[in-house]
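Comments concern the structure below.
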Amino acid sequence: MLLSDTFRASIRAIAVNKNRAFLTMLGIIIGVASVVLMVSIGKTFQSYIVGLVESFGSNTMDIAPKGFEKFGGNLESMTFEDYDAIRKLSTVERVVPVIMVAKSVKYGKEEVSPMVLGGKKDIFGNYGLKLEHGRLLDDSDDEGAKSVAVIGAQSALDLFGNSDPIGRKITIGDGSFQIVGVLQTMGSFLTQDLDKLVFIPYATARSLSGQKYLSYITLKTVGDPELAKQDITALLRQRHKITNPTNDPDKDDFIARSAKQVTQTIGTVTLGLTLFLALIAGISLLVGGIGIMNIMLVSVTERTREIGLRKAVGARSRDILLQFLFEAVSLTVTGGIIGMVLGAGFGWFLTRLAARFLGPLTFILSPSAILMAFVMAVGTGLVFGIFPAKHAASLSPMEALRFE
Amino acid sequence: MSFSSLIQTVDLCKSYDNDGVVTPVLYDINLTINRGEFISIMGPSGSGKSTLMHILGFLDLHSTGKYLFQGQATASFGDDDLARIRATRVSFVFQAFNLLPRTTVKENVMLPLLYHPTIPPSEREERTLKAIELVGLADRKDYYSSQLSGGQKQRVAIARSLVTNPDVIFADEPTGNLDSASGVAVMQALQKLNDDGHTIILVTHERTTAEHAKRIVHIRDGRIVSDSTDFQRAIAGKTEQLK
C-alpha cells in the first residue's frame, strides 16, 4: 500500500469520528498550549529583564556591603575612603558613592515613600536615567550640599498631579528641597519602580541621614569588567584587612556585581524556571498521550472486523501498523498545531496585558518552543500510538473477521 | 501432481491449540480444485467447512499435510507472502458482507486495489467502475453502504471480490443474510463470474444455494464424506452417509 493511501485512510478514519477525535486531541491541545505558553512567557520576561539590565549598560557595576540586599543601606563596611580609593583605580570610571535615605517625601498634604538616593552627578548616566525636563544634579549641587532634588516620573505624578514640579519645594525628612528636574518614564527593574526614585546630592544626603557609611558604590568599568572586579576585590580586601587566598566570596564583607553578571544570573534563573514550568506543562501532555493510547485501543477493538477485512483483501501487518500509527500521529500533530496557536495567542494576550503595567514588552515566540512542541506532538503520537497500532497489526485476519 | 490444478491438498489437517488443549478440526483432507470450477463445500455447522475455506483462502494456516497452490507448496509462506496472495490471487465474499461503514460503494470496491502490489493507482478508478457495473450497481456507486439493501450490499462485496481479477473467489455463506429473491440474484452473479472463467469456491449449508455449483464436496466432522459433480448423487451420497 502506498504511504499516501495509508495516510488518506488514517485521515478518513479520523474524519468519520470528528467529535471523538476532538475530545482525544483536547489533552494534546492543552499540553502543547501550556508548554508553548510557559516557554514563550519565560523567554519574553527573560528578554525584558535582560533588556532592562542592559539598558543600564553592561559595564555598570555596583559594590555593596554584604547583606545589603537583606538589610538595606545601613551596613557599616563601605566607607567614603573606600570610594576615594576605588576611584583611583585605572579600570574604573564615573565612580559614585550612594547613600540611601529612609525618609518620607511630602508636598503639602501629599506624602509618598519613594527610595531617596543621595549620589553624585554620574549616578544618572550609570543607571541610564534620562531627563524629561529641568536639569540633572551637578558637581556644584554636591559641593554646596544644596537642598535640590531630581524626581522620577511617577513620584512627580503622585505629588503634583499634572502640574509642573520644577521649582516646587518638597520636604524630605526635616529638610526642604527644591525640585530642579523630572526624569523620563523608565518603568520597573525587578521589584524596583525606577519612576518613584528621588535623587538628592550625595553631600546633602550624608548630612540629612547622619550616615557615616556608604550604602553602596556604583561605577562604570573600563575594559573587561572582570578585571575591574579583580582590582576592586583586591583593593577592598586589603583595606578591610580580609585574608582570602582561596577567593571565597563568603569571606568578603562586600559584593561587587556587574550588570552583565546580573544578566547572566537572571538568565540562568529564568531558564530554570521556564524549564520547570514547561516540565509541569509537559505532564498534561503525558496525560493527553495516555488519552490517545486509550482511544486508539478502543478504536482498534471497534474496528477489529475492518482490520480483518483489510487483511483479507491483502493488507500486510505493516500496512495496518502504519495506518493506526498515522492516525495517532495525525491526532497529536493536529492537536499540537491547534495547541501551538492557542498557546502563542494566549501568550501574546498575556504579554499585552502585562505591558500595561511594565511598559513596552515584546512577545517572543521562540522557534525552540515551536520545535519542541512539534517534536513532542509527533513523539507523543508515536510513543502512545505504537502499542495500539502493533496490537492491530498483530491480529490474525480470520480471528479479526470473526470478532463480534 | 498435475500443474493444471489450482488448489491441491494432501492429507491436510488442522487443529487448534488452546492453552495446551488441542482440538482437531480437519482430518486428512485430500482435495483437488481445477481452474474454472464452481465448487460447493457443504456441511452442517461445526463440520469444518469454514475452516477449510479459511485455509484454502490463506486466512489461516494448516497444521499438517500439504497445501499446494498453483503447484507451489504454501507451508513455507511468510506473513507478507500470504498477504500478497490474498491481494492478488484470491478474494472473499462473506456472509456478513463486511463493507466498511460510512464509506461509499465505490470506495468499498476500490479497497483491495489499495493493497494490490502491481495494479497502478491510475487504473483503480476504471477497474472499480467496471466491477460495479458488472454487478449492476452503476447507479448506486456513490451511495453509502448503509443506504443499500442486503442484496445490494452483497453485490458490492462481489464487485469488491472481482476488482483485482483473482484466480479464485471464496464465498462463505453469501446468501445467509439475504431473502430468497436477493439470494438468487447473488448466486446468479456468482454463476456469471464462473461463466466468465473465475474459479468459485462456495461454502454453504443450504441445498438451494449449493445447487448452483457444478461440483459438491460434503464435509462432516472434519472429513470429506463425498465429492461429486452429480448433484443428485452427491445429495444421495450424503443421505447414505447419514444413514
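Every chain is numbered from 1, with letters handed out A, B, ... down the list of sequences.
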Could you please spell out the steps behind the side-chain contact (heavy atoms from CB on, under 4.5 Å) verdict for A:Leu401 and B:His54?
CA-CA 11 Å; A:Leu401 280 167; B:His54 289 144; 5.7 Å; no
Neighbour count >12 (heavy atoms, 6.0 Å) for atom NZ, B:Lys14:
yes
State the CG-OG distance between B:Asp80 and A:Ser317, to the nearest 0.5 angstrom.
7.0 Å
Would B:Asp79 and A:Arg318 pass as an ion pair if we require N to O under 4.0 Å?
no
Would you say CD of B:Glu206 has more than 12 non-hydrogen atoms from neighbouring residues, nucleotides or ligands within 6.0 angstrom?
yes
Under a 4.5 Å heavy-atom cut-off, does chain A meet the side chain of B:Arg89, its backbone, both or neither?
neither
Verify salt bridge (Lys or Arg N to Asp or Glu O under 4.0 Å) between A:Asp5 and B:Arg124, making sure each step is shown before the conclusion.
CA-CA 12 Å; A:Asp5 291 327; B:Arg124 286 177 188 170; 2.6 Å; yes
Tell me, for B:Pro166 versus chain A, whether the close heavy atoms (under 4.5 Å) come from the side chain, the backbone, both or neither.
neither
Would you say A:Phe22 has more than 12 foreign heavy atoms packed within less than 6.0 Å of its CZ?
no
Would you say CZ of A:Phe349 has more than 12 non-hydrogen atoms from neighbouring residues, nucleotides or ligands within 6.0 angstrom?
no
One should read off an interatomic distance between B:Phe94 CZ and A:Arg402 CZ, to the nearest 0.5 angstrom, of 11.0 Å
Quick check: are there more than 12 heavy atoms from other residues, nucleotides or ligands sitting under 6.0 Å from CZ of B:Arg84?
no
So, the part of A:Arg316 with a heavy atom under 4.5 Å from chain B: the answer is both
Quick one: CG on B:Leu82 to NZ on A:Lys311, what's the gap to the nearest 0.5 Å?
10.5 Å
Take atom CZ in A:Arg352; do more than 12 heavy atoms of anything else shown fall under 6.0 Å from it?
no
The reported gap from OH in B:Tyr115 to CG in A:Asp319 (rounded to nearest 0.5 angstrom) is 6.0 Å
Could you measure the distance from the CG atom of A:Leu309 to the CZ atom of B:Phe97? Nearest 0.5 Å is fine.
13.5 Å
Heavy-atom closest contact (B:Ala83 atom, A:Ala315 atom, distance)
CB-O, 3.9 Å
Which atom of A:Arg12 lies closest to which atom of B:Arg102, heavy atoms considered:
NH2-O, 2.8 Å
What's the shortest heavy-atom distance between A:Met398 and B:Leu59, and which atoms?
CB-O, 3.6 Å
Answer yes or no: are there more than 12 heavy-atom neighbours, outside A:Phe7 itself, under 6.0 Å from its atom CZ?
no
If we check side chain to side chain contact (heavy atoms under 4.5 Å, CB included) with A:Val313, which of these qualifies: B:Leu111, B:Val90, B:Leu114, B:Val163?
B:Leu111
B:Arg86 to A:Ala312 - nearest heavy-atom pair and separation
CB-O, 3.6 Å
Do other residues, nucleotides or ligands put more than 12 heavy atoms under 6.0 Å from the CG atom of B:Asp17?
yes
How long is the straight-line distance from CD of A:Glu399 back to CG of B:Asp60, given to the nearest 0.5 Å?
8.0 Å
